[in-house]
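Structure, as C-alpha cells:
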Amino acid sequence: MVMVACYLLRSDSKLYKGSTYIGFTTDPRRRIRQHNGQLVNGAWQTRRKRPWTMVVVVHGFPNKTAGLQFEWAWQHPKRSRLVKRAFHSKRAPYGVKGKIKILHEMLNLLPWRNYPLHVHFTSTEIMEIAQKFAKAPPGHVDSLVGPLDDLPLYQRTDYVEVDTDSEAEADSLQDPEPRLGLNDSQNRNQPTSSTTLVNRITRKSQSAPTTSSIDPYTSPRACALCKKKNILRKLVSCPYCKLHTHILCLARTFRRSAGGRSPLIPKGGTCSGCAKYLLWPTVMEAFAQDEAERKAMEKRRNKRTRSRSRSRSRSRSSSREPSGGRGCKRGGGKQKRGSNMETIAEERTPVSQGL
C-alpha cells in the first residue's frame, strides 16, 4: 500500500527565514529532493526559497482523497468549513509555530480525530514547540521524533529507492501489487502494539494470494458477538486474538461498555476475546487493509474468468470452422457449378446434331 502523508517545510534561506510550505506526498524523502531542486517536478512556490527542511510529516490517512482534503484544510484554515470555527481571529497563525498550532487543532476535529494518524517530527526543537504552544492531540495519535528514514515506508523490506520524477510512476513502482492485510496468518503469529501496526499491515506477503484462500467477508464464519452468519454484514478481526465480529456488533459493544455516552463512532473498547483495549481508528485501519485486499482478489479472479472464457470461445470458433475455410467453400462451389454446366452442354450437343 502506498504511503499517504502531508508534510510541513521550513525554509533555511537567510532572506526568507520563517517561510513555510504545506504539501502532500507518497514518498517524503523523494519529495524533499524535488523541492530542493535535486529532482524536477517540485512546486514552483518553493523555488526561490531553497533550501528547505521537512520538519513535520503526518501519515496514516485511509486514502489519497482524505490526505488531499487534510492538506487543503491545513493550507487554508480560514476558508475550510471545518477548521475556521476553531480560530476566532481574522488572521490565521503563520510561521512554523502557527502551522503546528493549526495541525494540532485539526487533529482534534472531525473527521480527522477518528483517523489512525501519526505525527513524525524530524527534530526535538519542533516537538518541544508543539508540546509547549499547541493543543494536545487525541490519545491514539502517536508523536515521534527522528529522521525521515525512521518512517514506516522506509522500514519495509520491499521498499526500493525510486529516482523518477513522476509521482504516479513512482507509486506504481513502489507498490506493484496490493499487499495482504491482517488476514495473512504470517502477519498475525505475534501480537504487536498499535505503534507498529502500520509496519505489519503494509508488509509485503511472501506468497501471492490465491482464490482458494478464505475470504473473511463472504465465508460462513459466525460473529463472535451475535452468533449469526450474515454475509451482508462485513467482518472485522481483532489484531491480537483473531476474533471475528461484525462491525456494527463491535461498535454497539464498545458503546455499551462506555455506558451509552459514547458517540455513534466509538473511541474504542475492550476485546471480548483477549481483553485488550482496541482503539476504533486502529480497527478501521485494519479493516481498510482487508477491504483493499478483498477487492484486489476479486479483480484478479474476474480477470482470470474473462481470460478463460475468451480462450474457450476461441477454441469453439476454431473447432466449428472446417480446414478449407470459407474461401475454399465458395471457390469449390463455383467450380462445381461450372462443371455441371459443362456436363449439361455435352449432353445436349448430340441431340442437336441428330436433328
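- Each of K299, R300, R306 was scored for a side-chain contact (heavy atoms from CB on, under 4.5 Å) with K303, with one residue passing: R306.
- A donor-acceptor pair is defined here as one N or O able to donate and one able to accept, closer than 3.5 Å; no such pair exists between the side chain of H59 and the backbone of V57.
- Here A136 pairs with nothing under the side-chain contact (heavy atoms from CB on, under 4.5 Å) rule; sequence neighbours left out.
- Using a 4.5 Å heavy-atom threshold, the side chains of S123 and V145 count as separate.
- Using a 4.5 Å cut-off on side-chain heavy atoms (C-beta onward), P28 and Y7 make no contact.
- By the 4.5 Å heavy-atom criterion applied to side chains, W74 and V83 are not counted as neighbours.
- By the 4.5 Å heavy-atom criterion applied to side chains, D12 and W52 are not counted as neighbours.
- Annotation: salt bridge (charged side-chain N to carboxylate O under 4.0 Å, His left out) contacts of R29 (sequence neighbours excluded): D149, E161.
- With contacts defined as side-chain heavy-atom distances shorter than 4.5 Å, the pair T122/L148 qualifies.
- For the atom pair CD of Q131 and CD of E128, the computed distance is 7.0 Å after rounding to the nearest 0.5 Å.
- Between W280 and F254, the ring-plane angle classifies as perpendicular under the 30° and 60° cut-offs.
- In this structure a side-chain-to-backbone donor-acceptor pair under 3.5 Å is missing from N114 to L110.
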Exercise for the section: Apply side chain to side chain contact (heavy atoms under 4.5 Å, CB included) to the pair W72 and Q69, showing each step before the final yes or no. Expected result: CA-CA 5 Å; W72 189 89; Q69 291 175 350; 6.0 Å; no
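- With F70 as reference, F61 is the one residue of F61, Y115, F24 to meet the ring-ring contact (aromatic ring centres under 6.0 Å, His included) rule.
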